[in-house]
Amino acid sequence: MIGWAVVAIAKDPTAVVQSLTDEVTIDWTNLEVEVQATAQAPAVGSLRAIEELARQNIAKTLQRALPRVPLTATIALGAIQTDPVLDAPIAARQARWQVTEAQYATSGTVRLTASLSLASVVKPWVLANALPEATSAVDPPFTGVLVDARAVDVSMAVAPRIVTEDGEVLFDGRLDAFSAVTRAPVRYVASPAHRRADQAGERPWRLLATAVQSEVDLIVAEVDPAERASALQVLQSGEIIIVVRDGR
């Protein structure tokens, strides 16, 4: 019998999690990527050497998997990694993963689980696509945006569009220049009661998704034109909360 010793850091059990590959999952609530890798020395070797091999396997797994992360309905991360301006900063951020769980078997096998901030990895792309800072002479009546998409089958992405039933684009995935520095376009939760939903504030603009477009973009019920105009600032401020059926 193989015995395991485990050292782990607690995770969010209520997050919306989606498998990207057999070894990699995306936490769309906390915007993190989790990767697992195993290593076993072909002969008796030091624990440190086996750990280093497992770490190398984590880096290789991320290099293979991250290009598949969907940014929009039509663009994945791999498509922008060829950009001469974005490639270097994305690669530097991709290397910032941290081990969150280590399992040591009596057979000499080491299994590591690592976490990487997806929000950090895509930040250069979010900044490159930022809009001029949204300003208003009056405070917006809404504190954020909350989209109920539990009635539709949606594929998650970093920056989906939100479109009305008559084709008006409410949100095109881009943030204003100020918000793009510290915020992400959207976060997905499985319940409006999730702690992350608090980011929409006490007076969120509530939208109901009635369909999806290209599997990722949300089509929402018609909105009042006056509300649409007054919600522009909070739409471009980002971290729109999208409530989905749990994606486990």
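Two different hydrophobic clusters hold V147 and V189 under the rule that ILVMFWY side chains link at heavy-atom gaps under 4.5 Å.
Atom-to-atom distance recorded for I50:CD1 and T38:OG1 is 11.5 Å, nearest 0.5 angstrom. Distance CD/Q103 to CG/L112: 9.0 Å, rounded to 0.5 Å. Taking CG from L146 and CG from L207, the interatomic distance works out to 8.5 Å, rounded to the nearest 0.5 Å. Here W28 contributes atom CH2 and L118 contributes atom CG; the two are 6.0 Å apart, rounded to the nearest 0.5 Å. Put simply, CD on Q81 and CD1 on I90 are 6.0 Å apart, with the number rounded to the nearest 0.5 Å.
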* To do: Verify salt bridge (charged side-chain N to carboxylate O under 4.0 Å, His left out) between R64 and E23, making sure each step is shown before the conclusion.
  => CA-CA 11 Å; R64 292 192 301 267; E23 301 87 11; 5.3 Å; no
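For the pair D176 (side chain) and F178 (backbone), a donor-acceptor distance under 3.5 Å is present. Remark: side-chain polar atoms of D148 are paired, donor with acceptor, to backbone N or O of R150 under 3.5 angstrom.
Every residue meeting the side chain to side chain contact (heavy atoms under 4.5 Å, CB included) condition with V216, not counting sequence neighbours, appears here in chain and number order: A73, S155, A157, P160. A search for ring pair (Phe, Tyr, Trp, His ring centres under 6.0 Å) contacts involving F171 returns nothing, not counting sequence neighbours.
S179 and Q236 are not linked by any side-chain donor-acceptor pair at a separation below 3.5 angstrom, with hydrogens and angles left out of the test. Side chains of Y188 and Q18: a donor-acceptor N/O pair is absent below 3.5 angstrom, by distance only. Counted by atom type alone, T14 and H194 present one or more donor-acceptor pairs between their side chains at under 3.5 Å.
Counting heavy atoms of neighbouring residues, nucleotides and ligands inside a 6.0 Å radius, atom CZ of R55 does not exceed 12 of them. The neighbour count for R206 CZ, taken as heavy atoms of other residues, nucleotides or ligands under 6.0 Å away, does not exceed 12.
A salt bridge does not link R111 with E101: every distance from a Lys NZ or Arg NE/NH1/NH2 to an Asp or Glu carboxylate oxygen is 4.0 Å or more.
At least one side-chain heavy atom of S237 sits under 4.5 Å from a side-chain heavy atom of R183.
Shown here for P192 and V243, the closest heavy-atom pair between the two residues is CD-CG1, 3.8 Å. In plain terms, the two heavy atoms of S115 and T100 that are nearest each other are CB-CG2, 3.6 Å.
Within the structure, the salt bridge (charged side-chain N to carboxylate O under 4.0 Å, His left out) test picks out the following pairs touching residues 184-203 (sequence neighbours left out): D12-R195, R187-E239.
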